[in-house]
2 protein chains.
Amino acid sequence: MTHEPAQGTIFVQTTLKVLGGKWKILILWHLKDGARRFSELKRLLPEITEKMLIQQLRELERDGIVNRNIYSEVPPKVEYSFTEYGLTLKPVLQILCSWGENHLKHIE
Amino acid sequence: MTHEPAQGTIFVQTTLKVLGGKWKILILWHLKDGARRFSELKRLLPEITEKMLIQQLRELERDGIVNRNIYSEVPPKVEYSFTEYGLTLKPVLQILCSWGENHLKHIE
DNA sequence: CAGTATCCGCTACGATACTG
DNA sequence: CAGTATCGTAGCGGATACTG
């Protein structure tokens, strides 16, 4: 499938709107193999602040990419996972990863 | 090819470093079908300022993604195009575009 | 045409403290 | 554990004017 540059611009921008933000792609990367608890994500992304983590998760939730599953326990437990629709992003994540891997080899 | 999440993080971050910046992906999108002059890119991206355009082009040049071809004419003519290595990004751009196209259908 | 050079506002992001 | 609530700031990006 080929795209006219003019039209394609809109499509690319759409994707960028959903995946934009400093942390979203990285968050999704850590969700791609299964659900993660809030605290797990914090541990996996040591640089991120709680504020940013929750903010970006909320936006991904609003865009229908991730689910927020609340377990009514004590202590509280919340897990984030891909929605079925969110799974369509996996090839995107995969190619971003592969390109980066190749680029590291290329520049060393 | 599957990646361990831990390692993969580095790869994804690498890609993000190269493609990061508000305009880079869009600039590359317009270069993907052939060389473009500076003024063409300005016209194709009406929202971008000259400063940002040149800045992002320079960074892409430094990363070996695009070539800057100067024609010693009057008036001056400069064309930007993918390097051979930069062409490896085309599949990435293509998938970002396709996903966005599908997402637009999905949300309407 | 293809840039540079300044100046500056905004907001995305961070640090910290607190809560159900 | 899983969040809120404030407050503060760096630096990304915009506006404008100028140049080879």
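Worth saying up front: this structure is predicted, and the values here are computed from it rather than measured. Proteins come first, then strands; the chains are lettered A, B, ... in the order of their sequence lines, and each starts at number 1.
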Each nucleotide in nucleotides 5-20 of chain C should get exactly one letter: B, S or -. Can you fill that in based on protein heavy atoms under 4.0 Å? -BB-----BBB----B

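- Summarising the geometry, the separation between CD on A/Glu61 and C1' on D/dA2 is reported as 13 Å, rounded to the nearest angstrom.
- Proximity of A/Leu104 to B/Ile10: side-chain heavy atoms (C-beta onward) are separated by under 4.5 Å at one or more points.
- Side-chain contact check for B/Leu93 versus A/Val12: every heavy-atom pair is 4.5 Å or farther apart.
- Between A/Arg58 and D/dT4, a side-chain N or O to OP1/OP2 separation shorter than 4.0 Å is present.
- Whole-Å rounding puts the A/Ile54 CD1 to D/dA5 P distance at 12 Å.
- In this structure, A/Glu73 places its CD atom 11 Å from C1' of D/dC1, rounding to the nearest Å.
- Straight-line distance from the CD1 atom of B/Ile70 to the P atom of C/dA2: 11 Å, rounded to whole Å.
- Phosphate contact (OP1/OP2 of C/dA2, side-chain N/O of B/Arg68, threshold under 4.0 Å): absent.
- Cluster membership for A/Leu44 and A/Ile54, using ILVMFWY side-chain heavy atoms within less than 4.5 angstrom, is not shared.
- Look at B/Arg37 and you won't find any side-chain N or O under 4.0 angstrom from OP1 or OP2 of C/dG3.
- In this entry C/dG20 has D/dC1 as its Watson-Crick or G-U wobble partner, both defining distances falling under 3.5 Å.
- Listed pair B/Tyr80 / C/dG3 meets the phosphate criterion, a side-chain N or O lying under 4.0 Å from OP1 or OP2.
- Pair assignment for D/dC7 gives C/dG14, based on Watson-Crick or G-U wobble hydrogen-bonding distances that are each under 3.5 Å.
- When the C1' atom of D/dG3 is taken as reference, atom OH of A/Tyr71 falls 18 Å away, rounded to whole Å.
- Only one option out of A/Glu59, A/Glu61, A/Arg36, A/Lys24 pairs with A/Val66 in a side-chain contact (heavy atoms from CB on, under 4.5 Å); it is A/Glu61.
- Within the 4.5 Å cutoff, the side chain of A/Leu41 has heavy atoms near those of the A/Leu57 side chain.
- Side-chain proximity of B/Lys77 to C/dA2, D/dG3, C/dG3: nearest is C/dA2.
- Atom-to-atom, CG of B/Leu53 to P of C/dA2 comes out at 10 Å; the value is rounded to the nearest Å.
- Residues B/Leu19 and B/Val92 meet the side-chain proximity criterion, which asks for heavy atoms closer than 4.5 Å.
- What you find for A/Leu45 and A/His30 is that their closest heavy atoms are CD2-CD2, 3.8 Å.
- C/dC1 atom P lies 14 Å from atom CD of B/Glu79, rounded to whole Å.
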